[in-house]
Amino acid sequence: MTAAETEALGEVLGELRRLRARIPQLTGALAASADGLVLAQDTGDRGAAEGVAALTAAALGVALRLTDTTGQGGFRELLIRGDQGYVATYAAGGSAVLTLLAEPRINVGRLHLEARRSSARIGELVDGALERRDRETTATPVPPRPSHKPKEA
């Protein structure tokens, strides 16, 4: 991982923490790649975060297919309400998602408002880091300088 990617992931973690501070009813927050790898998490259990990220990727696959099949356009968000609270997933740029766990008493309108802002910011950070990495790996390498060895007698 490059220094720029590490810095971006630190900023993503900061965004998750600020989001949880703005919405006290959140019990967990994570940013993950679309294929289910945890990028940053603000939850108590790393193992649980990895499981949630993997399940989010599976749900995302179904959601993408559903929006495509029904002609609703690109995926934006998914909200699941259970007896004990909510799981909400938001698109975060072109290659990541933001998944939030919330108490049942959360104001869903506020959840959407704050999460949409945070997912946009996370998307900028992740996509920007990926673009920088791609530019670095596809840049024309500088040819090595010829060595100036003394001539042998």
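Residues L79 and V52 fall into different hydrophobic clusters, defined by Ile, Leu, Val, Met, Phe, Trp and Tyr side chains chained together at heavy-atom separations under 4.5 Å. Note: the hydrophobic cluster containing L125 also contains L130 (ILVMFWY, side chain heavy atoms under 4.5 Å, direct or indirect links). In the hydrophobic cluster analysis, where Ile, Leu, Val, Met, Phe, Trp and Tyr join through side-chain heavy atoms closer than 4.5 angstrom, I80 is grouped together with L60. In the hydrophobic clustering of this structure, L16 groups with L39; members are Ile, Leu, Val, Met, Phe, Trp, Tyr whose side-chain heavy atoms approach within less than 4.5 Å, directly or through other members.
Residue pairs that meet the side-chain hydrogen bond (donor to acceptor under 3.5 Å, both in side chains) test with at least one member in residues 5-21, sequence neighbours left out, are T2-E5, E5-R133, E11-R121, E15-R18, E15-S118.
Taking all atoms of both residues into account, the shortest heavy-atom contact from A40 to V12 is CB-CG1, 3.7 Å. Nearest heavy-atom pair across I122 and A31 is CG2-CB, 4.2 Å. Counting all heavy atoms, side chain and backbone alike, A34 lies closest to A57 at O-CB, 3.5 Å. Residue T43 comes nearest to A49 through the heavy atom pair OG1-CB, 3.8 Å, listed as atom of the first residue, atom of the second, then distance. Annotation for A32 and A53: closest pair CB-CB, 3.9 Å, computed over non-hydrogen atoms. Here the closest non-hydrogen pair linking F75 and Y90 is CE2-C, 4.2 Å.
Residue R76 qualifies as open at atom CZ: its count of foreign heavy atoms under 6.0 Å is 12 or below.
For the atom pair T69 OG1 and L64 CG, the distance stands at 10.5 Å (nearest 0.5 Å).
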Indicate every side-chain donor-acceptor pair of residues 94-109 with a distance under 3.5 Å to a residue at least two apart or in another chain.
| unit_1 | atom_1 | unit_2 | atom_2 | d |
| --- | --- | --- | --- | --- |
| S95 | OG | D127 | OD1 | 3.2 |
| T99 | OG1 | T56 | OG1 | 3.2 |
| T99 | OG1 | T89 | OG1 | 3.1 |
| E103 | OE1 | R105 | NE | 2.8 |
| E103 | OE1 | R105 | NH2 | 3.0 |
| N107 | OD1 | G109 | N | 3.0 |
| N107 | OD1 | R110 | N | 2.9 |

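Checked by atom type and distance alone, the side chain of S119 pairs as donor or acceptor with a backbone atom of R116 at under 3.5 Å.
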